[in-house]
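Here's the structure we're looking at; comments come further down.
Read the numbers this way: they start at 1 and go in the same order the structure lists the ligands and their atoms.
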Amino acid sequence: MTNTLAPAAPGFSAAQLVPVHPADEGSEWWRSSVIYQVYPRSFRDLNGDGEGDLPGITAELHHLADLGVDAVWLSPFYVSPQRDGGYDVADYCDVDPMFGTLADFDALVARADSLGVKVIIDLVPNHCSSDHALFQAALAAGPGSPEREMFVFRDGRGEHGELPPNNWQSHFGGPAWTRIEEPTGEPGQWYVHLFDSSQPDFNWDNPAVHDEFKRILRFWLSRGVAGFRVDVAHALIKAQGLPDWHGRPDGVSTEEHPGHLAPMFGQPEIHDIYREWRKVLAEFDGERILCAEASIDPLSRLTNWVLPDQMHQAFNFAYLGTPWDAERLRSVIESSLRMFDSVGAPTTWVLSNHDVVRHATRFGIVEPAARPGDGLGVEDPQPDTGLGLRRAAAASMLMLALPGGVYLYQGEELGLPDHTTMDHTFRQDPTYRRTAGERIGRDGCRVPLPWEAAAPAAGFNLTGSSWLPQPDGWGSLARDVQAADPSSALALYRRALGLRRELGLGAGSLDWLEGAAGPECIAFVNNGILVMMNMGAAAVELPDLEVLLATDSEGAAQRKLGPAQCIWLRM
Ligand code: NOJ
């Protein structure tokens, strides 16, 4: 069905509105929320030891409330040896001394509550740290014991059990199995770890593992969290018999095995776990949520994670992975909305997080990087910083006009790029070590935030110490500089978030505006707001409508939308 555009947009008389997504009738907060990801180690360091901490987050929460976010999601702050940035948990129900105490956590939640901001935390159910008491008990107890049954132990293949039980590869490189020494001192069984060898996978076929995680959920729900971002929510159950896998380690099917279900990912029984958890959430008041971090493609399969009796949201990595290409962007927006609409769940949108190259850097890579991996190093072709920043501002503004939930990653509101020239000696991501430097890893997007241009460590703390080095010029991107500059990335984000709320865009509708400005220009209407983003090389003409927000106000005044610019107009 198409409608001709109302004459309110002169010059656009031939354009047609093509409906894709109706306004959301549900009123739950998470259907249209903006959730801001805090990576605690790099947010703000109040005790000056070079590592961020919970009191640092509490002290700066008012900035996030001012920005206009509905909730913060905290990446792991639990007791951990930090072999995978805290995604290796040694105690799920306590705070690592590096970050503070449980009392600091309670103070953070209380402060957030007083500011009207919800707190979501990270749940890491696929694996724990090899330092976890349960894993230590499993090592001590020997083969066949109930302690071993908490994890996935198997005898090896080969005459003396010297070969791993199957061919699975770790997501971080190298084999997904490690052999242990038995309490007798003999070479013994192998355990599976889809990530680092310090991250043993739990055995989700064991009801005791289910009980343990329900206990953990209730522990944090009683402390007032609004929900959980669920790590690797596609991997908990492994196929019976643990068969070999010939596709990619991340489970994405290859051309030789199209649509193949990897034995370690997306097993049908996984959904029963989320049904159980949904019932646990229902024991508590308020609208508490689960958000899946599930690398499942295509989107039509991912919708199985957000059926009404399971999770509330799932990250939309298909959107995050879309390059600077109008046709592909239009296609992923449309298929996302249609797919999630088909199960009554909100679509989510995300451009950056702690696992990927920040979008201000990604969009500045004009020459495809030699390394396909997850980070950029000094040996790689370097991004065009100015282009990346322009495109990132436009892309963020477009995202903030889309109906559904938005996830922001700390520092993107400052337009921060990745640190792409970091000295390799500082790298901590296990990917770098496990691939002997073949994959650079994710440290570049985890650099401590700049708060004050003139302060030590750009205001990350008062001592100047920083667990990862900050790149040159970091201070010029600091929050205090941007807060005083109406043309800054921060000012743009703040205005976009304010208008998004005021105009109800998160719960709004989406109609394409076709035939208006050429194929390289994305144009859609949400709640009477025309959003246009020019992804082509030539400027396009703008209709004579009231400008609400623009990445380039001078161009907007001349009714032009230049390359890599975005605008919101009132119809
Ligand atoms: C996804 C997390 O986002 C990532 O940082 C982590 O390394 C893996 N899951 C393993 O927990």
Side-chain angles (χ1 to χ4, degrees), residues 35 37-43 52 73-90 92 96 120-132 135 151-152 168-174 176 192-202 204 213 216 228-236 238 249-252 262 264-266 270 290-296 302 305 311 313-317 320-321 348 350-358 373-375 407-410 418 427-435 439-447 468:
I35 302 182
Q37 179 188 359
V38 170
Y39 193 72
R41 202 172 179 186
S42 299
F43 189 73
W73 145 37
L74 306 179
S75 279
F77 49 81
Y78 317 109
V79 177
S80 163
Q82 298 291 327
R83 297 207 183 90
D84 180 25
Y87 285 90
D88 48 326
V89 182
Y92 288 84
D96 195 285
I120 290 172
I121 61 172
D122 223 303
L123 186 74
V124 189
N126 180 66
H127 48 262
C128 58
S129 159
S130 48
D131 288 5
H132 195 292
F135 190 71
F151 298 90
V152 185
W168 294 0
Q169 294 293 298
S170 150
H171 203 60
F172 290 160
V192 82
H193 50 86
L194 295 184
F195 293 88
D196 188 45
S197 54
S198 67
Q199 295 168 292
D201 282 33
F202 281 109
W204 277 93
F213 274 88
I216 295 165
F228 302 88
R229 171 267 189 195
V230 181
D231 190 61
V232 215
H234 53 307
L236 279 50
K238 279 75 180 176
D250 61 5
V252 173
M264 67 297 253
F265 292 127
I270 213 163
L290 296 168
C291 174
E293 189 238 5
S295 302
I296 288 290
L302 183 59
W305 270 251
M311 301 217 186
Q313 297 181 331
F315 288 121
N316 186 347
F317 293 128
L320 185 151
T348 64
V350 60
L351 288 169
S352 281
N353 65 34
H354 66 296
D355 288 332
V356 299
V357 174
R358 286 177 176 276
D374 23 25
Y407 277 84
L408 303 178
Y409 177 47
Q410 67 178 33
D418 259 40
R427 299 204 179 278
Q428 306 224 0
D429 187 342
T431 311
Y432 183 73
R433 175 175 42 82
R434 289 183 66 89
T435 62
R439 281 165 62 192
I440 285 292
R442 303 158 292 176
D443 299 298
C445 66
R446 298 175 177 181
V447 174
L468 285 175

Practice item. Only counting residues at least two apart or in another chain, list the ones meeting ring-ring contact (aromatic ring centres under 6.0 Å, His included) with Y87. Key: H354
Check your understanding: Between F213 and W204, how do the two ring planes meet: parallel, tilted or perpendicular, split at 30° and 60°?
Key -> tilted
Practice item. For R83 and D196, run salt bridge (Lys or Arg N to Asp or Glu O under 4.0 Å): C-alpha distance rounded to whole Å, both residues' side-chain angles, the deciding distance at 0.1 Å, then the answer. Key: CA-CA 8 Å; R83 297 207 183 90; D196 188 45; 6.0 Å; no
Review point. Taking only residues two or more places apart in sequence, or in another chain, which ones meet D88 in a side-chain hydrogen bond (donor to acceptor under 3.5 Å, both in side chains)?
Key: S80
Point to revise | Neighbouring residues of ligand 1, heavy-atom cut-off under 4.0 Å | key: D84, Y87, H127, F172, F195, R229, D231, V232, E293, H354, D355, R442, R446
Revision key, fill the gap. Residues at least two apart in sequence or cross-chain that pass side-chain hydrogen bond (donor to acceptor under 3.5 Å, both in side chains) with D231, listed by chain then number, are R229
Check your understanding: Mind checking whether F315 and W73 have parallel, tilted or perpendicular rings, split at 30° and 60°?
Key -> tilted
